[in-house]
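Proteins come first, then strands; the chains are lettered A, B, ... in the order of their sequence lines, and each starts at number 1.
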There are 2 protein chains.
Amino acid sequence: MHQEEATPAACAVHCADCAVRRLCLPMELGTADVDKLDHIVGRRFPLAQGELLYRTGSPFASLYAVREGQFKAYRVNRDGSEQVTGFHFSGQLLGLDAIGSGVHSCEVVALQDCSVCELPFADLEALLAKMPALRQQFHRMVGEEIARMQSVVLLLGKMKARQRLATLIVRAASVYEARGYSIEKFQLRMTHEDLSNYLGMTRECVSRQLTKFKQEGLVKVAPRELEVLDLAAIKTIAAGKAP
Amino acid sequence: MHQEEATPAACAVHCADCAVRRLCLPMELGTADVDKLDHIVGRRFPLAQGELLYRTGSPFASLYAVREGQFKAYRVNRDGSEQVTGFHFSGQLLGLDAIGSGVHSCEVVALQDCSVCELPFADLEALLAKMPALRQQFHRMVGEEIARMQSVVLLLGKMKARQRLATLIVRAASVYEARGYSIEKFQLRMTHEDLSNYLGMTRECVSRQLTKFKQEGLVKVAPRELEVLDLAAIKTIAAGKAP
DNA sequence: CGGGTTCTTGACACGGCTCAAGCGTAGTGG
DNA sequence: CCACTACGCTTGAGCCGTGTCAAGAACCCG
């Protein structure tokens with residue numbers, strides 16, 4: 001096993017003891033299977049805020065599982081502009097965009113101090129061949145990624161600004177809920193710039209919509225933090241059933 | 001082997017002789033491997049225009065490879081509205097949206113008379129375990145699906161109407177080119193309704209943009225058919241380098 | 001404390017949506 | 001063969017939502 005020294009205690013955690021194993025590849029695997037998976041995990045390492053996990057064009061060698069923190073994934077256009085394709089949280093798998101082509105088609109950056117587990121794809125491949133249960137979990141995560149992208153397409157294709165922001169808040173709440181955090185009050189590490197980019201609108205528009213939500217008493221906004229006062233109402237807006 | 005009778009001659013074609021094997025799962029597989037894959041193919045059957053391949057909520061059992069024709073995939077919202085998530089052509093794999101959840105999250109309909117090959121997922125799974133080369137091809141196709149979705153997100157998130165339509169034309173041209181058809185003149189089986197839905201705009205807007213292209217001498221439009229007169233110019237527009 | 005980023009707010013313009021009417025083509029039945 | 005209908009496409013007018021531009025406030029970090 002290749003473990004790094006000189007890393008915080010958290011980095012020594014094995015899959016079996018990991019806080020997010022239920023959200024990650026181990027998911028429903030038995031103890032023996034989790035151990036096998038644990039053995040192929042390469043480095044478990046921290047990333048400081050702003051550091052890149054991988055960049056566009058770099059060759060694909062590993063998938064990465066987020067242990068702690070938040071990441072932003074984005075594509076870089078030829079003209080230099082960015083399109084944020086998603087935000088990723090603990091338990092999620094990063095790098096799936098490259099398993100087809102062998103080259104990363106997007107770039108991933110840490111939005112805060114994070115830690116990740118590296119899964120050398122060749123080793124994972126070999127394990128997938130032997131372990132049907134792991135294969136199933138892997139397919140599940142791939143499927144979730146596709147479904148997630150589809151819902152982004154839906155958001156960008158059909159919704160107005162207000163509904164988009166409401167949808168984002170609802171999803172963020174459910175992400176935090178799944179990870180055992182408060183639904184009422186959570187961190188939004190991304191800037192309005194990133195948020196607006198992801199939502200297909202401008203910074204100003206995000207700000208204005210958020211201000212409206214504030215005025216209507218649906219949320220309270222603190223720097224990098226959001227307090228949800230009326231989740232039900234926001235869900236209604238997200239569903240398109242209320243203006 | 002389970003083959004259907006009572007179907008056109010085309011439906012009897014095996015993977016080894018299939019016109020689109022280079023675009024489909026067999027891709028770079030050796031003859032022996034292709035044969036193994038061919039053996040698990042369930043029914044190879046035709047679908048008439050307007051028929052559904054699968055519907056939202058139906059349980060996932062098989063993937064489908066498109067042999068001939070064009071399909072439209074779309075999500076149905078709770079309020080009954082649709083979001084077209086993509087158009088699919090020969091050689092592409094349908095049903096990947098469900099491998100995670102076991103339930104189809106979108107609906108697929110034939111835009112013309114089509115034929116498809118059914119791949120029972122349980123059988124494919126078993127084969128994936130044994131054949132590293134097939135696994136690689138499968139991952140490639142999954143990766144392509146993710147990359148495709150990402151590019152749709154980019155289109156919806158960053159482009160104006162004119163650029164979106166140009167992008168669609170360029171992609172359609174490359175799809176037809178890969179399949180050995182003319183790049184200059186090809187069928188667009190989808191209605192403006194579907195097109196606009198996919199592109200995140202309205203019917204009227206598609207029509208107007210198309211009219212502009214016509215006036216500028218970039219395309220000629222016949223019913224359900226598009227003749228590209230100046231692909232280079234359209235590519236420039238799609239790249240965002242010209243108004 | 002200063003300098004850079006990030007956020008807010010306003011005024012204005014414009015792209016695309018909405019609504020509405022008219023046109024062309026294909027299919028159907030007398 | 002010609003109404004008649006249905007459907008998809010086109011075109012116009014007007015309006016609304018967002019983008020754009022600009023200035024200032026708030027915040028963060030060294």
Side-chain angles (χ1 to χ4, degrees), chain A residues 48-50 72 81-84 109 111-113 155-169 187-216 219-227 237 240 242-243, chain B residues 48-50 72 81-84 109 111-113 155-169 187-216 219-227 237 240 242-243:
Chain A
Q49 176 169 358
K72 172 183 78 169
S81 68
E82 295 180 1
Q83 168 66 42
V84 175
V109 64
L111 289 177
Q112 61 184 138
D113 294 350
L155 180 139
L156 292 173
K158 281 270 148 342
M159 298 183 191
K160 299 260 182 230
R162 183 175 164 84
Q163 196 180 354
R164 293 186 192 185
L165 189 59
T167 304
L168 180 112
I169 293 173
Q187 289 191 328
L188 282 180
R189 303 294 306 188
M190 41 294 222
T191 63
H192 282 195
E193 175 78 43
D194 291 335
L195 227 45
S196 65
N197 188 319
Y198 175 66
L199 295 173
M201 32 206 268
T202 55
R203 263 171 295 138
E204 295 93 327
C205 192
V206 168
S207 180
R208 273 188 258 265
Q209 298 298 337
L210 213 47
T211 303
K212 272 194 191 175
F213 283 166
K214 256 191 291 187
Q215 288 168 349
E216 294 166 21
V219 300
K220 262 189 191 167
V221 184
R224 303 265 152 142
E225 215 177 60
L226 193 77
E227 191 171 345
I237 296 168
Chain B
Q49 176 168 357
K72 172 182 79 166
S81 68
E82 295 181 1
Q83 168 67 40
V84 176
V109 63
L111 289 176
Q112 60 184 138
D113 294 350
L155 179 139
L156 292 172
K158 279 272 147 345
M159 299 183 189
K160 300 257 182 236
R162 183 175 164 83
Q163 195 180 356
R164 292 187 193 186
L165 189 58
T167 304
L168 180 112
I169 294 174
Q187 289 191 328
L188 283 181
R189 305 293 307 189
M190 41 293 220
T191 63
H192 283 196
E193 175 78 44
D194 290 335
L195 227 45
S196 65
N197 189 320
Y198 175 66
L199 295 173
M201 31 206 268
T202 55
R203 264 170 295 139
E204 295 93 326
C205 191
V206 168
S207 179
R208 275 187 255 266
Q209 298 298 336
L210 213 48
T211 303
K212 272 193 189 175
F213 283 165
K214 255 191 291 188
Q215 287 167 350
E216 293 165 21
V219 299
K220 263 187 189 167
V221 184
R224 303 265 154 143
E225 214 176 62
L226 193 77
E227 192 171 344
I237 296 168

Participant: Side chains of A/Leu226 and A/Lys220: closer than 4.5 Å at any heavy-atom pair?
Facilitator: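 No, side chains not in contact.
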
Participant: Between D/dC9 atom P and B/Arg224 atom CZ, what is the distance in whole Å?
Facilitator: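 Rounding to the nearest Å, CZ of B/Arg224 and P of D/dC9 are 6 Å apart.
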
Participant: Could you state the atom-to-atom distance from CG of B/Asn197 to C1' of C/dC17 in whole Å?
Facilitator: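 Going from CG in B/Asn197 over to C1' in C/dC17 covers 14 Å.
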
Participant: Report the distance from atom CD of B/Gln209 to atom C1' of C/dC17, rounded to the nearest whole Å.
Facilitator: 13 Å

Participant: Counting only side-chain heavy atoms from C-beta out, which of D/dC9, C/dC7, C/dT18 sits nearest to B/Glu204?
Facilitator: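 When the side chain of B/Glu204 is considered, C/dT18 is the closest of D/dC9, C/dC7, C/dT18.
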
Participant: Taking the side chain from B/Arg203 and the backbone from B/Glu193, do they hold a donor-acceptor pair closer than 3.5 Å?
Facilitator: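 No, the answer is negative, given that no donor and acceptor are paired below the 3.5 Å cut-off.
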
Participant: Counting only side-chain N and O atoms of B/Thr211, is one of them less than 4.0 Å from OP1 or OP2 of D/dT11?
Facilitator: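 Answer is yes, contact under 4.0 Å.
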
Participant: Counting the atoms with a prime plus P, OP1 and OP2 as sugar-phosphate, which does B/Arg203 contact under 4.0 Å by heavy atoms, base, sugar-phosphate, or nothing?
Facilitator: nothing

Participant: How many whole angstroms separate atom CD of B/Gln163 from atom P of C/dG15?
Facilitator: 14 Å

Participant: Mark yes or no for a side-chain to base donor-acceptor pair under 3.5 Å between A/Arg208 and C/dG10, with no hydrogen or angle criteria applied.
Facilitator: yes

Participant: By nearest atom, which of the nucleotides C/dG16, D/dT10, D/dT11 is closest to the B/Lys160 side chain?
Facilitator: C/dG16

Participant: If we ignore hydrogens and angles and just use 3.5 Å, is the side chain of A/Asn197 paired with the main-chain N or O of A/Glu82 as donor and acceptor?
Facilitator: yes

Participant: Between A/Thr191 and B/Ala161, name the one whose nearest nucleotide on DNA chain C is closer to the 5' end.
Facilitator: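 Closer to the 5' end of DNA chain C: A/Thr191.
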
Participant: Under 4.0 Å between a side-chain N/O of B/Thr202 and OP1 or OP2 of C/dC17, yes or no?
Facilitator: yes

Participant: D/dT20, C/dC17, D/dT10: which one has an atom nearest the side-chain heavy atoms of B/Cys205?
Facilitator: C/dC17

Participant: Can you check the B/Lys212 NZ to C/dG16 C1' distance for me, whole Å?
Facilitator: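 From B/Lys212 NZ to C/dG16 C1': 11 Å.
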
Participant: What is the distance, rounded to the nearest whole Å, between atom CD of B/Glu225 and atom P of D/dC9?
Facilitator: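 So the two atoms are 14 Å apart, to the nearest Å.
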
Participant: Which listed nucleotide (D/dG8, C/dT18, C/dT8) is nearest to the side chain of A/His192?
Facilitator: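 Minimum distance to the A/His192 side chain belongs to C/dT8.
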
Participant: By nearest nucleotide on DNA chain D, pick out whichever of A/Gly200 and A/Pro223 is the more 5' one.
Facilitator: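 Looking at the nearest nucleotide for each, A/Gly200 comes out on the 5' side.
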
Participant: Considering only side-chain heavy atoms of A/Ser207, which listed nucleotide, D/dT18, C/dC7, C/dG16, is closest?
Facilitator: C/dC7

Participant: Determine the minimum heavy-atom distance between B/Arg164 and B/Met159, stating which atoms define it.
Facilitator: NE-O, 2.9 Å

Participant: Distance check needed: C/dA26 P versus B/Gln49 CD, whole Å only.
Facilitator: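 It is 14 Å, rounded to the nearest whole Å.
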
Participant: Looking at A/Asp113 and A/Gln49, would you say the former's side chain and the latter's main chain have a donor-acceptor pair under 3.5 Å?
Facilitator: yes

Participant: Separation of B/Met159 atom CE from C/dG15 atom P, in whole Å?
Facilitator: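 Those two atoms, CE and P, are 18 Å apart.
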
